[in-house]
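In what follows, every chain begins at residue 1, and chains take the letters A, B, ... in the order their sequences are listed.
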Amino acid sequence: MLGRSSILAHLNPPQQAAVTYGEGPLLILAGPGSGKTRALTHRAAYLIKEKQVPPENILLLTFTNKAADEMKIRLQKLLVPSVNSVNSVNSASLPFAGTFHSFCARVLRRYGQAIGIPPGFTIYDTSDQKEAIKQTLRKLNFSEKKLAPTAVLKTISQAKNEMITATEYPQYARGPWQRDVAEIYLAYEKMLRQYQALDFDDLLLKTVQLFRSHPEVLANYQNQFQYILIDEYQDTNQAQYLLTRQLVGKWRNLCAVGDASQAIYGFRGANYRNLLTLQQDFVDLKTINLEQNYRSTQTILSAANAMIKKNASHPVLNLWTQNGAGDPVALYEARSEIDEADFIVNTVATQTLRQPSFSPADFAILYRTNAQSRTLEEAFLHAGLPYRLVGGTRFYDRKEIKDCLAYLKYWTNPQDKVAFKRIEQIGKRRAEKFLKFKEKQAPSLSTLKLLDKILQTTAYLELFDSQSETDLAKLENIKELRSVATQHPDLTNFLENVALVEQENGVDQVNQADQVNQGVTLMTAHAAKGTEFPIVFVVGLEEGLFPHSRSLLEKDKIEEERRLFYVAMTRAKSRLFLSYARRRLYFGQRTSNPLSRFVNDIPTDLLEFINESLLE
DNA sequence: GGTCACACAGTTTTT
DNA sequence: CTGTGTGACC
């Protein structure tokens, strides 16, 4: 058995204070690299081991499945040090750790009927939502030209995030466009009900509604979850905030962890002010700052601090470290985006080939937009350096995967007209064969068997030419889907997993490097949150790109861009390279923009300017 | 019913 | 520039 001392060992004083804090609301403000996850998992372990809190009375909420899995693994190690894999352990000994959405889906499957939600509801992702909106527009005789489905969807989604329902929306609608949206919103809701579907936003909104209208259901959960720990609290939206308040209501043992300076998801409804106003929600809130950084050099931290301090609307933590000062932050002015890519490739090559102090996996390149990855990829391919690209089209957004899923979704829910539309689009004849097959088929097949039989009867795979490389990648993706199906023989479970758990990216994202995970990492600054690398390049630091042109006009948005740059900078452990191009080809357009204002906010004595001549 | 061509939009992203 | 999606035509 682990003793108390070993849970607290290797924790600094504020971390220990956070871990051992007793009853009542607790806010942990944790800067980048300050051991945030460590504090959270150790606190959960401490409650279980030292305070004898049964694991089932603890709830851990995160925003991504990745974060939830990470928590589980680390908690597992703390509780049963000899076991390394979550799967190999009786999960009953672990608290529920999951995303807000998966938690809500569970609640609604179980109790949703109380507010008219069928237990077998289908979950709509963004593209399903878009199709449902299109169907709504057609039904109401609105032109898609006048009302872009994506814009309408965005507005409705925002409303849902703020807990404004379709019946409430009309009273907030201003101007003709919003009044149109109000009408569409109502019709869209009606359609979802008919189709027995909930969109992602509904999972949160309906759960809050359920808890409001059925206090006895809420009481169940309140009683069960004596301790609630929430990660990345600055990313909560209004619905998640309300849900938190409901769940915490009885015991008031909320432990929220976050950092306003790392709030980068405002564009999708997150409101970092939830973090700042927690003090008003709980007058007895205890706040603990984690400001010692274990990741970066002092130079990197000082540069990042100076830069983020220009933000006026939220407090900024003062990070410090016992690591040394390290090298200055390097700044490279490139002639073009190609020159910029070459500079990076050369630098990586120098560090890994000529003087192999680092491996390619030690490097990350962070950019503002996905479109920037192409030039970088080309340079890496050219130089024969291994890389891995993070992001791109998500696995379940791929056409071939959505096609397969449409058949399966319709199989469990024939009300789902969005799925049916897709089935028809794949091919009318295929649709007929599929329907005929569905009628005579006994419903109790395993997911994999069913999927295979559908693929067989519809001859879906014949759409692909195994000679073509892109088609081959698609076939590989379907293979991957089959392997997911193997893990979830129950079709309903399978679909739930597919809707709420993102799969590793499909094969066409993978190049030779990925197999062994040995390449240089290429990703957006957003995708980099939560990661760290010895050497980080942040590229494209030009006005209009980073900060992005769509953010230039609003102060709030500029501040979010600045936080994003802060996140990017603080990924670096030992060396940080910044770069910008005097001229850049962007969407086929030659552009020329001044250096990003963010770089100007870094004190020059922390910077080192790199010339081309220095490269040789 | 299926294929091909043209128009057009194109931050960031998880669930 | 490039991927996607709609509409016209075979």
Using a 4.0 Å heavy-atom cut-off across all strands, classify [X] as base, sugar-phosphate, or nothing.
X	result
A:Lys399	nothing
A:Asn370	sugar-phosphate
A:Ser549	nothing

Just to confirm, is there a sub-4.0 Å distance from OP1 or OP2 of [N] to any side-chain nitrogen or oxygen of [X]?
X	N	answer
A:Asn65	B:dT15	yes
A:Arg374	C:dG3	yes
A:Lys66	B:dT14	no

To the nearest Å, how far apart are [X] [atom1] and [N] [atom2]?
X	N	atom1	atom2	answer
A:Asp397	C:dG3	CG	C1'	14 Å
A:Arg584	C:dC1	CZ	C1'	15 Å
A:Phe464	B:dG2	CZ	P	14 Å
A:Leu463	B:dG2	CG	P	9 Å
A:Lys160	B:dT14	NZ	C1'	16 Å
A:Asp69	B:dT15	CG	C1'	14 Å
A:Asn497	B:dT15	CG	P	11 Å

On DNA chain B, check which nucleotide each of A:His526 and A:Ile426 is closest to and give me the residue with the more 5' one.
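Upstream on the strand: A:Ile426.
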Could you check A:Arg429 against A:Ala499 and say which one's nearest nucleotide on DNA chain B is further toward the 5' end?
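Comparing both residues, the 5'-ward one is A:Arg429.
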Which listed nucleotide (C:dC1, B:dT12, B:dT15) is nearest to the side chain of A:Phe587?
C:dC1
Using the six-membered base ring of B:dT12, report whether A:Phe267 stacks on it, requiring centroids under 5.5 Å and planes under 30° apart.
yes
Stepwise side-chain contact (heavy atoms from CB on, under 4.5 Å) check, A:Thr524 with A:Tyr367:
CA-CA 5 Å; A:Thr524 63; A:Tyr367 37 80; 3.8 Å; yes
Take atom C1' in C:dG5 and the same atom in B:dT12, then report the distance between them in whole Å.
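That atom pair is separated by 23 Å.
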Whole-Å P distance, C:dT4 and B:dT13
16 Å
Can you say whether a donor on the side chain of A:Ser102 sits under 3.5 Å from an acceptor on the base of B:dT15, or the other way round?
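No, the side chain and the base share no sub-3.5 Å donor-acceptor pair.
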Straight-line distance of A:Gln262 CD to A:Ile308 CD1, nearest 0.5 Å:
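That separation rounds to 9.0 Å.
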DNA chain C: A:Glu378 or A:Gln425, which has the more 5' nearest nucleotide?
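Nearest-nucleotide comparison on DNA chain C picks A:Glu378.
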I would like to know whether A:Asp601 and A:Arg597 meet salt bridge (charged side-chain N to carboxylate O under 4.0 Å, His left out); could you show each step before the answer?
CA-CA 7 Å; A:Asp601 292 333; A:Arg597 68 190 73 187; over 6 Å; no
Cation over ring, A:Arg584 on A:Tyr586, under 6.0 Å and within 45°?
no
Counting distance only, does the side-chain N/O of A:Gln246 pair as donor-acceptor with the main-chain N or O of A:Val208 below 3.5 Å?
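Such a contact is found between A:Gln246 side chain and A:Val208 backbone.
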